[in-house]
Amino acid sequence: DIRPFVALAKALVRAGHEPIMGAPDDFQDFITRNGIEHFKLGGDIHALISQANFDTAMQDHSMGALLSAARDGLRLHYEAAQKFESLAKGADAFIYHMNTTFAVDVAYSQKIPAIMAVFQPLLPTRHMPYCAGVGPRLPAGLARLSYLTLSAQQAYYDFPRYRLRPTLGLRRHFPGGFAKGLDGKPVATLHAYSDVVVPKPSDWPDNAVLTGTWTLDELPPWTPDERL
């Protein structure tokens, strides 16, 4: 997910803004090579996904390996969360990855908007089931139930918030729900795909915006052969 964020940052630069991109340390070279300022969040994603526990969890569905990989991922997640306040200082807005929900708390403490970025349709809707869900196919009209899977996943990514919020002067507990602000209302959400691929459901909030894809122009210009 780093690449589309770099593409967004470059678009912001072209529009006259000065984005700073927080990311694990192993992405520093890629980010700065694209002309974007990098803020170190610690950790090494490549090392995490290459370790034996992660590989075993993904391939063999081993519960022990899965729990071990989840614990390691959570440790990296909290390490990043502790640095988000410094990252946000002086910013006008915070555009955050859907899994770093603690950005909502940091943005609130800094009195700046929090804007979530996603790369597939994740907001609950009655018009289609959760795109990454597993389980039985639900009858029409019950699609929203499939988003319970998303709620369970979100609970995992919310764990660092319970430790982080008191350091920000906030109560430990917070309103639940995917893509919800501290007032219980939907946060602004940028969906980095085209509405030609998936049209915006009619029951999504007004601040859910489909932007089109965020792609890096890394390849040289290409003109197809006239015969094509």
| Would you find more than 12 non-hydrogen atoms of other residues, nucleotides or ligands less than 6.0 Å from Glu18 atom CD? | no

| task | For residues Phe94 and Leu87, report the shortest heavy-atom separation together with the two atoms involved. | result | CZ-CD2, 3.8 Å

| task | Output the distance between atom CG (Leu150) and atom CZ (Phe178), rounded to the nearest 0.5 Å. | result | 5.0 Å

| request: Please identify each residue that fulfils side chain to side chain contact (heavy atoms under 4.5 Å, CB included) with Ala208, with sequence neighbours left out. | output: Leu123, His191, Lys200, Trp204, Pro205

| note | Contacts of His97 meeting ring pair (Phe, Tyr, Trp, His ring centres under 6.0 Å) (sequence neighbours excluded), chain-then-number -> none

| note | Here the pair of heavy atoms bringing Ile95 nearest to Ala117 is CG2-CB, 4.2 Å

| field | Pair Phe119 and Phe5, ring centroids less than 6.0 Å apart | value | yes

| query | Taking all atoms of both residues into account, what is the closest heavy-atom pair of Arg126 and Ser202, and its distance? | reply | NH2-OG, 4.1 Å

| query | Going through the distances and angles, do Val106 and Val104 end up as a side chain to side chain contact (heavy atoms under 4.5 Å, CB included)? | reply | CA-CA 6 Å; Val106 173; Val104 173; over 6 Å; no

| For residues Gln120 and Tyr130, is any side-chain donor paired with an opposing acceptor at under 3.5 Å? | no

| field | Reported OG1-to-OH distance for the pair Thr101 and Tyr156, which is rounded to 0.5 angstrom | value | 11.5 Å

| query | Which value, rounded to the nearest 0.5 Å, describes the distance between Leu168 atom CG and Tyr108 atom OH? | reply | 11.5 Å

| request: Any salt bridge (charged side-chain N to carboxylate O under 4.0 Å, His left out) involving residues 103-124? Give me the pairs, sequence neighbours left out, ordered by first then second residue. | output: Asp105-Arg161, Asp105-Arg165

| remark: When every non-hydrogen atom of Phe27 is compared with those of Ala23, the smallest separation belongs to CB-CB, 4.4 Å

| task | Check the pair Lys83 / Phe39 against side chain to side chain contact (heavy atoms under 4.5 Å, CB included), numbers first and verdict last. | result | CA-CA 9 Å; Lys83 299 178 181 180; Phe39 184 96; 4.0 Å; yes

| Taking all non-hydrogen atoms of both residues, which atom of Glu79 and which atom of Gly42 are closest, and how far apart? | OE2-CA, 3.4 Å

| request: Would you check if Thr100 and Tyr157 make a side-chain contact, meaning some heavy-atom pair closer than 4.5 Å? | output: no

| request: Please state whether the rings of Phe174 and Tyr162 are parallel, tilted or perpendicular, taking 30° and 60° as the class boundaries. | output: tilted

| request: Could you go through the side chain to side chain contact (heavy atoms under 4.5 Å, CB included) check for Glu37 and Met21 one step at a time? | output: CA-CA 6 Å; Glu37 182 177 348; Met21 186 169 172; over 6 Å; no

| remark: Closest heavy-atom pair, Ile36 versus Pro19, reported as atoms and distance to 0.1 Å, is CG2-O, 4.3 Å

| field | CG-CG distance between Leu210 and Leu190, expressed to the nearest 0.5 angstrom | value | 10.0 Å

| remark: ring pair (Phe, Tyr, Trp, His ring centres under 6.0 Å) filter on Tyr96, not counting sequence neighbours, yields none

| said: Just checking Phe159 against His77, ring centres under 6.0 Å apart? | reply: no

| query | OG1 of Thr189 to CG of Asn207: how many Å apart, nearest 0.5 Å? | reply | 6.0 Å

| said: I need the full list of salt bridge (charged side-chain N to carboxylate O under 4.0 Å, His left out) pairs touching residues 180-197, with sequence neighbours left out, sorted by first then second residue. | reply: none

| query | For Asn34 and Leu216, what are the C-alpha separation, side-chain angles and deciding distance, and is it a side chain to side chain contact (heavy atoms under 4.5 Å, CB included)? | reply | CA-CA 9 Å; Asn34 277 279; Leu216 283 174; 4.1 Å; yes

| ILVMFWY network linking Phe102 to Tyr78, side-chain heavy atoms under 4.5 angstrom | no

| request: Please list, chain by chain and in numerical order, all residues satisfying side-chain hydrogen bond (donor to acceptor under 3.5 Å, both in side chains) with Thr125, sequence neighbours excluded. | output: Asp203

| query | In Å, rounded to the nearest 0.5 Å, how long is the span from CD of Gln153 to CG of Asp158? | reply | 12.0 Å

